[in-house]
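These numbers were taken from a predicted model, which means no experiment stands behind them.
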Amino acid sequence: MEGGIRNIMKNIIIGICACVLTGILLLTVYTLHGRQIRKTGLNQALDAGLKQTVDQTGTRHTDGPKSNEEMIALFLEKFMMQIESDSRVEVEVLDADYEKGLLSAEATLYYKHPNGKEGSVSACKTVIRFRTEEPAEYCDVEYVVNGNSYKSYHVQKGTTLMIPGAPVSSGKVFKGWRELDGADVISLVGQIVERDCIFVAVFQ
């Protein structure tokens, strides 16, 4: 009898330890995945903000920035429009020259881990305008959720598609995005923007 109780207690302890280890493993995976998503989003936002600002700066743009201060203000506006997270973001402009079409910046995004501790990701990029005869072309990309506009981007043609964070719909699981005139979920990772496009959220 006593031996049976010992075995039961032993199995209970083993079960509790297994649950704790599984929880720790899941928390670690979730934390690393969340950090990678935030870092990718920050890189994309910084890249888009810098490129759009530099492209709009130059003699062929009569309404473009006419000073370094105006260039920086335009960049900050475009950069913040790309940020998906409501986390705290710090931006430092490292160099700006509107006449040469040069802009360099570093951004740091602070967020909370599932365990409550603060984490951060950083990105640093420099963009220089190469003079061309033809103006850059832009495309409009829109994401729609439940019939309403969720996110929209005005991006340069030929750049990598920006993908917003997963939307939420009560009682449903987000499966991915489909084209407006398509029926199946498609992968948007790494796609190049070549035209105006609309993507619709698919839930199940």
Side-chain angles (χ1 to χ4, degrees), residues 31-113 117-143 150-166 177 187-197 199:
T31 299
L32 293 174
H33 181 63
R35 174 183 174 81
Q36 185 58 44
I37 289 176
R38 289 183 174 90
K39 187 171 183 62
T40 299
L42 184 64
N43 268 293
Q44 290 180 337
L46 187 60
D47 187 63
L50 288 169
K51 286 181 177 178
Q52 291 178 24
T53 300
V54 168
D55 183 72
Q56 195 172 328
T57 304
T59 55
R60 61 186 174 83
H61 290 283
T62 57
D63 58 343
K66 297 300 185 292
S67 67
N68 291 342
E69 291 73 18
E70 289 183 9
M71 187 183 192
I72 292 172
L74 179 63
F75 158 67
L76 292 174
E77 176 186 346
K78 290 185 175 296
F79 170 69
M80 294 308 296
M81 287 175 61
Q82 311 290 338
I83 292 295
E84 303 298 335
S85 174
D86 56 359
S87 303
R88 179 166 59 93
V89 179
E90 293 181 358
V91 183
E92 180 182 2
V93 176
L94 306 176
D95 196 5
D97 190 326
Y98 83 100
E99 292 181 336
K100 295 179 180 179
L102 181 149
L103 188 58
S104 179
E106 181 177 11
T108 302
L109 182 145
Y110 298 90
Y111 62 95
K112 292 289 185 182
H113 287 295
K117 293 184 179 180
E118 186 176 66
S120 66
V121 291
S122 298
C124 183
K125 289 182 179 293
T126 299
V127 173
I128 302 174
R129 182 183 68 246
F130 291 96
R131 301 186 182 278
T132 58
E133 295 298 326
E134 294 296 327
E137 294 183 54
Y138 282 87
C139 301
D140 291 314
V141 179
E142 184 175 10
Y143 292 86
Y150 176 62
K151 293 290 179 182
S152 59
Y153 305 100
H154 185 65
V155 299
Q156 188 173 339
K157 184 177 180 180
T159 57
T160 303
L161 179 67
M162 292 189 65
I163 306 173
W177 300 99
S187 174
L188 303 182
V189 177
Q191 279 202 24
I192 303 300
V193 180
E194 297 292 348
R195 56 182 174 80
D196 294 342
C197 46
F199 298 104

Is there side-chain contact between Leu161 and Val141, with heavy atoms separated by less than 4.5 Å? yes

Answer yes or no: is there a side-chain heavy-atom contact under 4.5 Å between Asp95 and Leu102? yes

Any non-hydrogen side-chain atom of Glu194 less than 4.5 Å from a side-chain atom of Lys157? yes

Given 3.5 Å as the limit, does a donor-acceptor pair link the side chain of Asn43 with the main chain of Lys39, or not? yes

Trace of the side-chain contact (heavy atoms from CB on, under 4.5 Å) decision for Ile163 with Val189: CA-CA 8 Å; Ile163 306 173; Val189 177; 4.1 Å; yes

Least distance between heavy atoms, Lys151 atom then Pro164 atom: CG-CB, 3.7 Å

Look at the side chain of Asp196 and the backbone N and O of Cys139, then say whether any donor-acceptor pair between them is shorter than 3.5 Å. no

For the pair Leu94 and Cys124, evaluate side-chain contact (heavy atoms from CB on, under 4.5 Å) and give the outcome as yes or no after the intermediate values. CA-CA 9 Å; Leu94 306 176; Cys124 183; 3.7 Å; yes

In terms of side-chain geometry, is the basic nitrogen of Asp55 or Lys51 positioned less than 4.0 Å from the acidic oxygen of its partner? no

For Arg88 and Glu118, what are the C-alpha separation, side-chain angles and deciding distance, and is it a salt bridge (charged side-chain N to carboxylate O under 4.0 Å, His left out)? CA-CA 11 Å; Arg88 179 166 59 93; Glu118 186 176 66; 3.4 Å; yes

Please tabulate, for the side chains in residues 68-78, all donor-acceptor contacts under 3.5 angstrom to protein atoms that are two or more places apart in sequence or on a different chain.
| from | atom 1 | to | atom 2 | distance (Å) |
| --- | --- | --- | --- | --- |
| Asn68 | OD1 | Tyr98 | N | 3.0 |
| Asn68 | ND2 | Ala96 | O | 3.3 |
| Glu70 | OE1 | Lys66 | N | 2.9 |

Please round to the nearest 0.5 Å and tell me the distance separating atom OG of Ser122 and atom CD of Glu90. 9.0 Å

Taking all atoms of both residues into account, what is the closest heavy-atom pair of Leu46 and Ala105, and its distance? CD2-O, 3.8 Å

First locate atom CD of Gln156, then atom OH of Tyr138, and finally report the distance between them rounded to the nearest 0.5 Å. 4.5 Å

Under 3.5 Å side-chain donor-acceptor pair for Thr108 and Ser120: no

Would you say Gln52 and Phe79 make side-chain contact, with heavy atoms under 4.5 Å? no

How long is the straight-line distance from OH of Tyr153 back to SG of Cys197, given to the nearest 0.5 Å? 12.0 Å

Measuring from Ile128:CD1 to Asp97:CG, what's the distance to the nearest 0.5 Å? 10.0 Å

Does the gap between the ring centers of Phe199 and Tyr143 come in under 6.0 Å? yes

Verify, without hydrogens or angle tests, whether Lys125 (side chain) and Ser104 (backbone) share a donor-acceptor contact under 3.5 angstrom. no

Taking atom OG of Ser152 and atom CE of Met162, what is their separation to the nearest 0.5 Å? 11.0 Å

Where do Ile192 and Thr160 land on the side-chain contact (heavy atoms from CB on, under 4.5 Å) test, with the steps shown first? CA-CA 5 Å; Ile192 303 300; Thr160 303; 4.0 Å; yes

When rounded to the nearest 0.5 angstrom, what distance separates OG1 in Thr53 from CG in Leu103? 6.0 Å

